[in-house]
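Below, chain A is the first sequence line, B the second, and so on; all start at residue 1. Computed over heavy atoms, backbone and side chain alike; hydrogens, waters and symmetry mates excluded.
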There are 2 protein chains.
Amino acid sequence: MIRIKDIAQEAQVSEGTVDRVLHNRGGVSKKTEAKVKKILERHNYSINPVASALALKNKHTIAVLIPEHNDTDAFWKSPYLGILKAIEDVKSLGIHVQCFTFNQYQPSSYFESFQVLLESQPTAVIFAPMFLEETKKIVQQLDTVQIPYIFLNIDIEGFNNLAYIGQDSYTSGYIAGKLMHMGLAPKSDILIIQARDYIGDNNAIAKRIQGFHDYFKQHHINAGITPLKIESLNDSNQTKAQLNHILNTMPALAGIFIPSSRTSAVIDCFQESGYENFKIIGFDNTPQNMTYLKQDAVSFLISQKPFEQGYEAIRIMTDFLIKGKTPNEKIYLPIDILIKENVMYNDMNQAMYEGTLTNE
Amino acid sequence: MIRIKDIAQEAQVSEGTVDRVLHNRGGVSKKTEAKVKKILERHNYSINPVASALALKNKHTIAVLIPEHNDTDAFWKSPYLGILKAIEDVKSLGIHVQCFTFNQYQPSSYFESFQVLLESQPTAVIFAPMFLEETKKIVQQLDTVQIPYIFLNIDIEGFNNLAYIGQDSYTSGYIAGKLMHMGLAPKSDILIIQARDYIGDNNAIAKRIQGFHDYFKQHHINAGITPLKIESLNDSNQTKAQLNHILNTMPALAGIFIPSSRTSAVIDCFQESGYENFKIIGFDNTPQNMTYLKQDAVSFLISQKPFEQGYEAIRIMTDFLIKGKTPNEKIYLPIDILIKENVMYNDMNQAMYEGTLTNE
DNA sequence: TATATTTGCGTGGGCGCACACGAAAAATCA
DNA sequence: TGATTTTTCGTGTGCGCCCACGCAAATATA
């Protein structure tokens with residue numbers, strides 16, 4: 001492994017000079033800078049991140065802003081855990097991480113939490129851009145003070161974000177369409193259930209639905225696909241009535257597609273009317289969803305590796321800060337197809353990490 | 001973050017003494033050792049791995065022994081790439097990695113490569129225990145010189161390996177059974193094709209077949225499942241004849257299960273007789289297999305995250321060597337269900353890594 | 001030419017830990 | 001008791017990089 005010292009010797013300058021050109025810190029004549037740079041390139045030099053981290057010691061702070069989670073709305077727990085794990089891995093690199101959360105149903109909460117975050121003067125930011133208008137303001141603030149930022153889980157276009165880390169929502173919906181069609185009797189009816197609760201300007205759900213429809217279109221499959229918007233998952237009585245009504249009017253109903261992580265909450269509303277005869281496809285590996293999967297109530301869950309999303313976000317930002325590696329703009333995580341039999345192996349990373357947590 | 005210096009000060013001893021008790025290096029009186037240990041625990045001290053790595057610098061060498069790969073037998077390329085990526089990540093931690101390969105069809109090659117490996121005096125070993133008898137000898141050598149080792153991809157019992165990293169083969173076969181059954185007409189015949197080539201004492205294939213059968217048994221599905229052993233994939237003429245014969249005698253044949261990574265090689269032999277009308281399920285995401293998947297020739301591939309297997313093996317061994325973290329005995333990676341539509345996102349990690357390789 | 005200012009660059013200390021060396025203290029022996 | 005061995009422990013150097021300090025050379029000003 002080649003060191004600054006070696007470069008300096010070869011260029012006949014001091015280590016300090018090499019260091020200056022490495023960090024573009026100025027104070028070097030163009031001649032020597034060119035000379036050093038050439039040698040640097042020829043040896044394909046890269047700074048030893050360990051030594052660098054040791055010397056820097058807590059110069060970087062990454063701030064994270066994601067929705068809060070709770071037992072009934074568990075999706076964001078996984079990215080959070082992924083972030084926690086990554087923190088352990090990078091803290092010895094002198095990277096400090098601070099987490100902030102917001103209420104994903106309140107744009108104001110999103111914006112205000114961000115203001116608090118900004119006051120902590122972070123070196124870089126990772127966040128879930130849940131609301132469009134507020135995000136515009138936020139991004140402007142970040143751009144003016146030149147803080148780099150990564151979008152997590154929600155992909156919106158037209159900003160200077162370093163990267164997006166998450167899933168290709170359209171294709172995941174397309175795959176849901178394929179899985180739904182597989183083995184379904186011809187001329188079956190299909191219901192797409194969408195709760196109004198889950199809004200923000202999170203366009204992922206719309207993209208999934210689009211992909212779902214497109215699968216049937218592109219394969220010229222004649223299926224009666226009916227979208228159903230229910231008002232609120234919290235007002236389950238109203239929802240139950242709504243569902244019962246639908247079920248009565250659709251005798252050929254065979255498949256139900258629920259393109260949100262709150263799949264289990266929707267199914268809960270079916271308790272009385274029953275759901276055993278339907279093929280249900282949902283999204284995300286929350287504990288409740290996995291329970292339904294294991295009970296064969298749900299046939300497939302499509303997961304977006306939420307734990308890895310959180311973990312990778314921190315790692316990628318760390319690589320950017322320390323090694324100066326610019327990541328790909330779009331970092332798509334795998335589209336996991338979960339069934340009863342493979343779900344237990346799906347999130348080993350998260351499970352192992354949670355295991356170490358309880359041990360302490 | 002608390003440092004050795006702080007501990008030393010509080011215990012009224014020198015840093016050297018604290019260092020000695022941290023590493024059980026002896027030469028410390030019981031009194032002071034107890035005193036230091038107590039303070040260590042009270043502060044929940046853990047060594048700063050960065051500083052440690054910097055100071056140690058290349059004290060550890062991990063040796064890896066895996067089968068060689070080539071264009072037609074590509075499976076082991078992925079673990080190899082995963083290992084290469086991990087090398088980049090850990091080299092700055094002062095961990096040196098050396099790779100050795102062997103011919104997976106020759107037990108002697110396996111054993112001899114290992115002897116060369118041993119001569120390099122590694123601190124730890126990661127290998128694929130392909131042949132049982134040779135492995136017994138190898139493991140004995142390792143045990144006597146107290147070198148820790150991890151089994152990669154192949155799980156055999158009764159040894160003191162630190163861990164096994166790979167897939168639950170039985171369940172992956174079981175899942176193949178479920179996927180095969182899904183949407184298949186009742187009373188269809190199913191063929192399981194197994195090539196003799198791929199042997200070693202790799203029991204993974206047998207376990208997959210067992211799981212496959214068990215799915216049908218446990219669900220009381222009446223299917224005519226016929227095992228077919230073909231002699232050699234390299235002698236394709238003989239194989240083709242063999243296949244043609246089978247196809248003629250099985251008019252109700254609808255599904256083909258190929259429980260090895262050489263799925264594509266088997267399908268190649270079908271060229272004349274055709275395979276479009278069969279539902280084919282194979283294993284592993286080799287380039288050739290993925291090509292068939294994208295062409296709809298294969299309906300499902302089950303993948304075992306080979307890239308991650310290699311990557312994790314190095315990471316886990318590194319954690320063990322540097323931080324003293326003892327891993328779980330069995331580290332099962334996810335059982336990935338690949339279809340035409342999600343395969344492109346499946347191995348982003350490997351793709352991203354290969355991207356960085358070609359850039360250089 | 002003498003003085004002031006800028007620019008370019010070398011030097012040294014420090015980040016936290018590992019480990020060799022040797023000194024002081026304690027224990028053993030003659 | 002004095003000499004010798006053993007045990008116990010403090011000190012110092014280095015790992016590779018970062019960065020503040022300050023000197024020398026180059027340039028500008030009087």
For Tyr345(A), side-chain hydrogen bond (donor to acceptor under 3.5 Å, both in side chains) partners two or more places apart: Asp168(B)
Test side-chain hydrogen bond (donor to acceptor under 3.5 Å, both in side chains) applied to Ser29(B) - qualifying residues, sequence neighbours left out: Thr32(B)
Spacing of Gln9(B) atom CD and Ser14(B) atom OG [to the nearest 0.5 Å]: 12.5 Å
Atom-pair distance (CD on Glu33(A); C1' on dC9(C)), nearest Å: 13 Å
Any Thr17(A) side-chain nitrogen or oxygen under 4.0 Å from OP1 or OP2 of dG10(C): yes
Protein-to-nucleotide contact annotation, 5' to 3' order, nucleotides 12-19 of chain C [B base; S sugar-phosphate only; - none; under 4.0 Å, heavy atom]: --BBBBBB
Partners passing side-chain hydrogen bond (donor to acceptor under 3.5 Å, both in side chains) against Tyr332(A) (at least two apart in sequence or in another chain): none
Short side-chain to backbone donor-acceptor contact, Asn48(B) and Val50(B), under 3.5 Å: yes
Chain B footprint on DNA chain D, 5' to 3' - any atom under 4.0 Å from a heavy atom: dT8(D) to dG16(D)
Within residues 144-165 of chain B or reaching into it, pairs that qualify as salt bridge (Lys or Arg N to Asp or Glu O under 4.0 Å) - sequence neighbours excluded: Asp155(B)-Lys330(B), Glu157(B)-Lys330(B)
Under 3.5 Å: donor-acceptor pair, side chain of Gln167(B), backbone of Asn153(B): no
Closest heavy-atom pair and its distance - Ala63(A), Leu117(A): CB-CG, 3.6 Å
